[in-house]
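What follows is a set of notes on a single structure, which appears directly below.
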Amino acid sequence: MSRYKVAIQALPAQTFSARLGTNTLTIELQWMSRLELFRVNILTALGVTLTAGRILLPGVDLLAGLYPPSQISYGSLTLEGEQPTPDNLGVTNLLVWSDE
């Protein structure tokens with residue numbers, strides 16, 4: 001089993017690439033001030049959208065239940081720690097990938 005932290009910054013919006021096992025994904029985080037939540041979009045290295053508009057919440061696997069189901073196993077990507085805000089993102093919480 002592999003498990004490691006994906007680096008995120010305490011910013012209201014960011015786009016970054018992350019190597020998750022044998023796959024590289026682009027992750028977009030955007031703070032929605034009205035709802036006080038982060039919206040997440042995840043794309044493959046080729047720019048194909050895996051998921052869009054998911055909410056970043058502690059304990060929720062962002063890669064679960066992709067539709068249509070992918071032929072590739074991406075593992076899980078979960079936020080651990082406190083509810084994320086632009087001030088505490090990556091400080092009092094961690095984005096963790098696992099190949100389980």
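As the structure is a prediction and not an experimental result, all values here were calculated from the model.
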If I compare all heavy atoms of [X] with all of [Y], which pair ends up nearest, and what's the gap?
X	Y	answer
F16	A7	CE1-O, 3.9 Å
L63	G75	CB-O, 3.6 Å
A18	V6	CB-CG1, 3.9 Å
T24	S17	CG2-CB, 4.2 Å

Please answer whether the main-chain N or O of [Y] pairs with a side-chain N or O of [X] as donor and acceptor at a distance below 3.5 Å.
X	Y	value
N41	G53	yes
W97	Y74	yes
N88	Q83	yes
N93	E82	yes
Q9	Q14	no

Please answer: with hydrophobic residues joined when any side-chain heavy atoms are less than 4.5 Å apart, are [X] and [Y] in the same cluster?
X	Y	answer
L79	L66	yes
V60	L95	no
I72	I27	yes
L77	L94	no
L35	I55	yes

- Item | Heavy-atom check, side chain of T85 versus side chain of E36, under 4.5 Å | no

- Item | Side chains of T51 and V40 in contact at under 4.5 Å (non-hydrogen atoms) | no

- Apply side-chain contact (heavy atoms from CB on, under 4.5 Å) to I42 and R54, showing your working. CA-CA 9 Å; I42 302 175; R54 292 205 175 184; over 6 Å; no

- Query: Y4 and L20: side-chain contact (heavy atoms from CB on, under 4.5 Å), yes or no, with the steps?
  - Reply: CA-CA 9 Å; Y4 58 85; L20 307 178; 4.2 Å; yes

- Start with the C-alpha gap between N23 and T44, add the side-chain angles, then the distance that decides, and say whether side-chain contact (heavy atoms from CB on, under 4.5 Å) holds. CA-CA 8 Å; N23 303 292; T44 67; over 6 Å; no

- Message: Rounded to the nearest 0.5 Å, what separates atom CG in D99 from atom OG1 in T22?
- Response: 9.5 Å

- Evaluation steps, side-chain contact (heavy atoms from CB on, under 4.5 Å), between L62 and L56: CA-CA 8 Å; L62 295 169; L56 184 62; 3.8 Å; yes

- Heavy atoms of other groups near R19 CZ, more than 12 under 6.0 Å: yes

